K.L.:
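Questions regarding the structure given below will be posed in turn.
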Amino acid sequence: MTNTPVALTLNAGSSSLKFGLFSIGAAPVEMAVGLIESIGKTPKLKASFGPGMPPLSRDLTPAEARDHKSALATALAVLRQHFPEAKATAVGHRVVHGGPSYDRPMRLTPEVMEELRRLSPFAPIHQPHNLAGIEAAIEAFPDALQVACFDTAFHRTHPKVNDVFALPRAYYDKGVRRYGFHGLSYDYIGGELKRIAPLIHDGRVIVAHLGNGASMCGMINGRSVASTMGFTALDGLPMGTRTGQIDPGVIFYLVQQEGMSIDEVREMFYSKSGLLGLSGLSNDMRALEAAGTAQANEAIDYFVFRIRRELGGLAAALGGLDALVFCGGIGENSRLIRERVCEGMGWIGLELDRERNAAGDTMISTDLSRARIMVIPTNEELVIARAAKTFVEMRQGGSGIPGPDQR
Ligand code: ADP
């Protein structure tokens with residue numbers, strides 16, 4: 001492993017830092033992945049180091065993850081303990097917003113950093129954390145290639161009609177558009193479909209990324225045609241703590257009649273709504289499934305209802321449906337949600353095989369189902385590692401930006 005190039009992947013959320021270490025000699029191979037959560041509060045660390053190695057799970061002291069910088073230092077110390085020889089040739093960052101122009105990963109030059117700072121107002125809750133993570137990584141690895149992978153990039157193939165809001169035109173030019181997010185996950189699923197089911201990949205596919213953040217994407221031939229998230233990662237499906245689609249008139253009402261400030265509304269929409277808001281109990285689907293209270297059930301009902309609505313809408317945008325793919329923590333693990341989403345969906349060609357669904361198979365539709373139903377575990381970190389590897393190879397062999405086929 002000593003001479004094999006290694007890439008570190010970083011995914012800085014508002015209160016979490018996901019990290020990964022990949023050997024990128026040939027196809028990227030995962031050496032370690034981990035997560036520090038509750039940064040600045042009661043931080044916890046979880047990490048795994050491949051087969052045969054015991055996973056790590058422990059509470060951290062507040063000083064070990066006071067902020068993103070100290071959390072990165074803690075993550076690096078853990079990685080060094082396990083891989084003392086490894087030296088990162090490249091650091092790949094998940095960056096939430098790449099604006100209208102970045103449709104592929106970019107090497108982080110001062111000019112690109114400047115553009116990402118300019119885009120911060122478009123993602124005020126996430127982009128500053130991504131930038132802080134990048135700055136901390138540049139300080140820790142001054143010689144490494146720093147690469148940004150954007151959640152929005154995958155959706156730049158949207159037709160314009162799905163990029164616009166019906167606002168006065170000037171706002172489109174200012175960047176007020178439907179960007180779409182979770183692009184790294186959709187990119188990974190598209191690649192997996194191409195590998196394991198190429199005919200399905202070439203067709204009309206809806207991917208439901210159902211995690212704490214949740215969205216859906218309609219693809220044709222592996223390219224995004226439409227998605228449920230829009231200008232921000234707040235739109236579309238209800239999520240753990242986010243509202244999902246909401247009539248903007250509600251905002252006017254809350255501000256003008258309830259006397260809430262815009263910051264209070266934003267905090268409520270991002271952090272107190274969704275499954276948590278409706279259930280009054282938890283943002284965690286496992287807790288809601290176990291609770292069985294009327295309010296928890298209502299929260300699940302709404303989640304399922306909105307997924308089914310979007311399924312119909314996206315299928316219309318695609319002109320039909322050849323496959324539905326579930327991924328994300330809920331999509332990969334909750335047989336109940338998959339069953340409820342697919343119930344009575346024969347009209348759109350979806351027929352779930354309950355036994356395959358319960359067994360956790362990859363293909364969970366019946367043999368007679370007109371459209372396939374699949375479960376594919378997503379891997380955003382691997383997409384970042386692949387981009388880092390491409391840039392390392394380009395540094396060795398020339399320069400330029402990788403084309404979409406290398407994303
Ligand atoms: P994030 O968007 O933070 O990456 P994840 O993709 O890890 O989130 O998904 C987290 C969600 O997945 C939580 O709501 C969690 O309850 C849910 N989840 C994980 N395992 C299960 C399970 N076995 N059954 C139902 N939900 C699950």
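As the structure lists them, so they are numbered: ligands from 1, and atoms in each ligand from 1. All figures in this text were calculated on a predicted structure; none of them were measured in a lab.
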K.L.:
For F141, does the six-membered ring have the charged nitrogen or CZ of K87 within the cation-pi criterion, i.e. under 6.0 angstrom from the centroid and within 45° of the normal?
P.N.:
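No cation-pi geometry.
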
K.L.:
Which protein residues have a heavy atom closer than 4.0 Å to any atom of ligand 1, listed by chain and number?
P.N.:
K18, G211, N212, G213, N283, D284, M285, R286, E289, G328, G329, I330, N333, S334

K.L.:
Is the number of heavy atoms from other residues, nucleotides or ligands within 6.0 Å of OH (Y171) greater than 12?
P.N.:
no

K.L.:
Measure up the F231 and F122 rings against each other and bin them: parallel (under 30°), tilted (30 to 60°), perpendicular (over 60°).
P.N.:
perpendicular

K.L.:
Quick one: is the NZ or CZ of R177 closer than 6.0 Å to the six-membered ring centre of F165, and within 45° of its axis?
P.N.:
no

K.L.:
Would you call D322 and R372 a salt bridge, taking side-chain N to carboxylate O under 4.0 Å as the test?
P.N.:
no

K.L.:
List the residues meeting ring-ring contact (aromatic ring centres under 6.0 Å, His included) with F150, not counting sequence neighbours, and say none if there are none.
P.N.:
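Partners of F150 by the ring-ring contact (aromatic ring centres under 6.0 Å, His included) criterion, ordered by chain and then number, come out as Y102.
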
